[in-house]
Colleague: 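Pasting in a structure now, in structure tokens, and then I'll have a few things to ask.
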Amino acid sequence: MSAITFDTHKFIRKLEEAGFDPRQAEAVADAFREAQGEAELATKRDIERLEAKLDTRFERQDGELRLNRWMLGLMLAGVVSLILKAFF
């Protein structure tokens with residue numbers, strides 16, 4: 001996962017403008033940066049990779065379902081032909 005940029009200087013300035021003293025503002029900024037570093041966030045690239053994997057998996061499943069339908073159709077045709085042969 002890629003890192004998300006965070007402007008700590010701007011964040012500290014905003015906190016100081018809101019009434020925090022400089023030490024408090026730095027402590028809050030450090031705590032926020034550490035918490036943000038622990039969070040696992042998905043980026044657009046991560047989501048695109050996941051979509052590609054899912055598309056591949058769905059395409060394979062679709063192919064298997066088509067094959068199963070053909071096999072079921074052939075088996076049903078065989079059974080119907082045997083029944084017709086038995087009575088006619």
Side-chain angles (χ1 to χ4, degrees):
M1 300 231 174
S2 61
I4 297 173
T5 59
F6 175 64
D7 188 357
T8 54
H9 183 67
K10 184 177 178 181
F11 188 66
I12 290 171
R13 260 197 341 244
K14 289 271 189 189
L15 290 174
E16 288 175 350
E17 289 173 6
F20 281 72
D21 68 37
R23 287 181 57 205
Q24 286 177 325
E26 287 182 28
V28 170
D30 288 340
F32 184 76
R33 188 177 58 241
E34 287 175 14
Q36 185 182 21
E38 293 173 0
E40 291 187 28
L41 303 174
T43 62
K44 285 183 182 180
R45 188 172 185 97
D46 295 330
I47 293 171
E48 288 169 356
R49 275 190 237 134
L50 180 61
E51 285 176 342
K53 283 182 183 178
L54 288 174
D55 286 343
T56 303
R57 188 173 286 176
F58 282 134
E59 287 172 7
R60 188 175 64 234
Q61 292 294 327
D62 186 46
E64 290 176 7
L65 286 174
R66 277 197 189 122
L67 177 63
N68 288 340
R69 276 188 242 136
W70 272 101
M71 289 170 54
L72 183 60
L74 288 174
M75 285 177 33
L76 186 60
V79 169
V80 168
S81 69
L82 289 174
I83 292 173
L84 291 174
K85 183 179 178 183
F87 290 108
F88 297 107

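Residue numbers run from 1 in the order of the sequence given. Keep in mind that what you see is a predicted model, and the values were worked out from it rather than measured.
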Colleague: Taking salt bridge (charged side-chain N to carboxylate O under 4.0 Å, His left out) as the definition, give me every residue that meets it alongside R49, ordered by chain and number, with sequence neighbours left out.
Modeller: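 Residues passing salt bridge (charged side-chain N to carboxylate O under 4.0 Å, His left out) with R49: D46.
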Colleague: List the residues meeting side-chain contact (heavy atoms from CB on, under 4.5 Å) with D55, not counting sequence neighbours, and say none if there are none.
Modeller: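 Residues passing side-chain contact (heavy atoms from CB on, under 4.5 Å) with D55: none at all.
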Colleague: So how far is it from K44 NZ to I47 CD1, rounded to the nearest 0.5 Å?
Modeller: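 Going from the NZ atom of K44 to the CD1 atom of I47 covers 9.0 Å.
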Colleague: By side-chain contact (heavy atoms from CB on, under 4.5 Å), which residues pair with Q61, not counting sequence neighbours?
Modeller: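 Only E64 meet the side-chain contact (heavy atoms from CB on, under 4.5 Å) criterion with Q61.
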Colleague: Under 3.5 Å, sequence neighbours excluded: what are the donor-acceptor pairs made by side chains of residues 14-25?
Modeller:
{"unit_1": "D21", "atom_1": "OD1", "unit_2": "R23", "atom_2": "N", "d": "3.1"}
{"unit_1": "D21", "atom_1": "OD1", "unit_2": "Q24", "atom_2": "N", "d": "2.8"}
{"unit_1": "Q24", "atom_1": "OE1", "unit_2": "D21", "atom_2": "N", "d": "3.3"}

Colleague: According to side-chain contact (heavy atoms from CB on, under 4.5 Å), who are the partners of I83, at least two apart in sequence or on a separate chain?
Modeller: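 V79, F87.
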Colleague: Got a sec, which pairs hit side chain to side chain donor-acceptor pair (under 3.5 Å) with one end in residues 66-88, sequence neighbours left out?
Modeller: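 Checked against side chain to side chain donor-acceptor pair (under 3.5 Å) - neighbours excluded - the pairs reaching residues 66-88 are D62-R66.
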Colleague: Other hydrophobic cluster members with L67, side-chain heavy atoms of Ile/Leu/Val/Met/Phe/Trp/Tyr under 4.5 Å, chained?
Modeller: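 Other cluster members: M71.
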Colleague: Can you list the residues that meet the side-chain contact (heavy atoms from CB on, under 4.5 Å) rule with L72, with sequence neighbours excluded?
Modeller: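 L72 satisfies side-chain contact (heavy atoms from CB on, under 4.5 Å) with no residue once adjacent residues are dropped.
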Colleague: Can you list the other members of the hydrophobic cluster that holds L50, where links are side-chain heavy atoms under 4.5 angstrom apart?
Modeller: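 Joined to L50, directly or through intermediates: L54, F58.
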